[in-house]
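Start at 1 and go down the list; that is how both ligands and their atoms are numbered.
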Amino acid sequence: MSKLSVAKFGGTSVANFDAMTLCANIVTTDPNTRVVVLSASAGVTNYLVELANGCDKTRRTEILEAVKTIQYNIIDKLQEQAQIRAEIDTLLNHITALAESASLATSDALTDELISHGEMMSTKIFTQLCVERGYPAVWVDVRDIVATDSQYGKAVPNDEKTKSQADAILKPLLSAGKVAITQGFIGRNDEGKTTTLGRGGSDYSAALLAEVLNADDVLIWTDVPGIYTTDPRVVPNAQRIDTMAFNEAAEMATFGAKVLHPATLLPAVRSNIPVYVGSSKAPEQGGTWVTRDPQPRPTFRAIALRRNQTLLTLSSLSMLHAKGFLAKVFTILAKHNISVDVITTSEVSIAVTLDKTGSASSGADMLSQALLDELNEHCHVQVENDLALVAIIGNNLHTQAGVAKQLFHHLEGFNIRLISYGASTNNVCTLVKNQEADDIVRALHAGLFE
Ligand code: ASP
Ligand code: MG
């Protein structure tokens with residue numbers, strides 16, 4: 001029996017005709033790739049988010065023109081243009097109407113409806129491109145498959161309903177030898193309205209479809225040939241990691257590596273589906289396999305960097321010997337939908353950094369005045385910006401002697417604002433100044449990997 005791979009191509013992979021052609025080559029040369037999940041062409045989602053947030057007529061016209069140009073530039077190079085151009089025009093007209101509504105009054109439901117159009121357009125065009133190569137590609141509206149709740153901007157899929165819809169709609173196509181081309185990022189709620197899974201959600205869509213279809217693997221095609229020991233733009237000597245474990249990759253993604261959406265791994269991890277990350281521009285360069293238990297498992301695997309972190313320090317004299325202060329503070333944070341990343345505590349204060357990875361598709365600011373006011377009723381609040389998280393990722397970090405000595409040795413000479421060590425076997429986290437972050441990553445990389 002042949003294998004089933006679900007391939008996902010990111011925004012840069014489908015940014016223009018040449019990039020899309022490389023994706024088509026990958027799909028058509030791999031007989032196992034029979035479900036293809038696409039992001040919107042690079043830049044399109046950002047434009048649509050701007051429209052959804054409401055803007056004046058001049059800006060609306062400008063954005064519409066820019067989005068149209070991105071899509072038309074691809075269509076211009078197709079063999080059969082009339083029908084696909086008409087379909088894209090229809091979608092562009094929807095965008096125009098929705099953007100006008102949004103400029104009068106925005107809503108989360110309207111935002112999701114509007115920004116879903118990026119994936120609708122990229123998939124329509126890519127299907128046509130594959131068909132022109134004689135490939136049995138069929139366009140599938142993923143909203144008929146991925147069922148979600150109604151949390152617009154960060155909707156949560158209903159796995160069971162998604163599975164039964166995939167069985168009913170996708171399975172027969174696959175059995176008939178077709179290759180399904182469909183959208184990442186979007187779904188539909190019980191009311192029949194379009195939802196989105198949060199920015200970068202296409203990876204999650206691909207993993208979810210792989211799970212419900214019992215696929216053999218998920219192939220994440222992006223613009224880098226795999227996961228590196230650190231960001232090669234910061235450290236040109238960074239090395240590609242050939243295999244790594246789910247929990248190491250999840251830590252990396254959570255702490256800043258751009259290649260995988262943190263939640264991507266969720267359906268893959270729970271169903272033990274290997275995930276591959278490679279470059280659609282250079283597939284011959286190979287990539288990284290992320291699996292449950294690859295061997296070997298080195299002590300130090302990688303260094304992740306996440307810039308622009310906010311640190312909240314909450315102090316209360318009544319915390320001295322008091323019970324329940326943490327519970328109170330975390331209740332307030334939860335109420336405002338904030339999840340925290342790193343925590344340290346002392347007798348009278350706690351310091352937390354905010355996790356921005358789960359923020360809504362619209363990118364609304366997390367630290368609202370309402371939140372600060374409510375916290376202020378219970379404690380003194382200090383906000384520090386311009387910080388960066390540098391996370392050292394590895395294995396059994398907290399059970400081995402000498403790990404701290406090594407790290408501190410390489411960190412000599414830098415001011416470390418906060419450290420979190422011991423909660424996770426897979427990471428040690430440090431919070432540092434934004435402007436020192438690159439140097440710190442270089443020092444650590446040189447010391448641990450070069
Ligand atoms: N197009 C969406 C975004 O830019 C989803 C994705 O690319 O994964 O966030
Ligand atoms: Mg993306």
- For Glu119 and ligand 1, does the shortest N/O to N/O distance drop below 3.5 Å? yes
- Message: With nothing but distance in play, are any N or O atoms of Gly198 less than 3.5 Å from an N or O of ligand 1?
- Response: no
- Message: Quick one, Asp144 with Arg188, criterion side chain to side chain contact (heavy atoms under 4.5 Å, CB included). Give me CA distance, side-chain angles, the key distance, then yes/no.
- Response: CA-CA 7 Å; Asp144 295 338; Arg188 185 182 282 143; 2.8 Å; yes
- Give a yes/no verdict on whether any heavy atom in Gly11 is under 4.0 Å from an atom of ligand 1. no
- Message: Can you name the atoms of ligand 1, numbered from 1 with element, that are less than 4.0 Å from a heavy atom of Gly201?
- Response: 5 (C), 8 (O)
- Item | Worked verdict on Asn427 versus Arg301 for side-chain hydrogen bond (donor to acceptor under 3.5 Å, both in side chains) | CA-CA 10 Å; Asn427 87 63; Arg301 180 71 90 180; over 6 Å; no
- Item | Asn189, Asp108, Asp112, Asp190 screened by side-chain hydrogen bond (donor to acceptor under 3.5 Å, both in side chains) with Ser150, the one that passes | Asn189
- Query: Are Lys163 and Glu160 close enough, and set up right, to give a salt bridge (Lys or Arg N to Asp or Glu O under 4.0 Å), and what steps lead you there?
  - Reply: CA-CA 5 Å; Lys163 179 163 180 42; Glu160 264 162 46; over 6 Å; no
- Task: For a side-chain hydrogen bond (donor to acceptor under 3.5 Å, both in side chains) with Arg143, tell me which candidate from Thr148, Thr182, Thr194 qualifies.
- Result: Thr194
- Message: Does any N or O of ligand 1 fall below 3.5 Å from an N or O anywhere on Arg199, backbone included?
- Response: yes
- Message: Is the ring pair Trp289/Tyr276 parallel, tilted or perpendicular, if the boundaries are 30 and 60 degrees?
- Response: tilted
- Note: ligand 1 atoms sitting under 4.0 Å from heavy atoms of Ser39 are 6 (C), 7 (O), 8 (O)
- Message: Heavy-atom contact check, 4.0 Å cutoff: does Gly184 meet ligand 1?
- Response: no
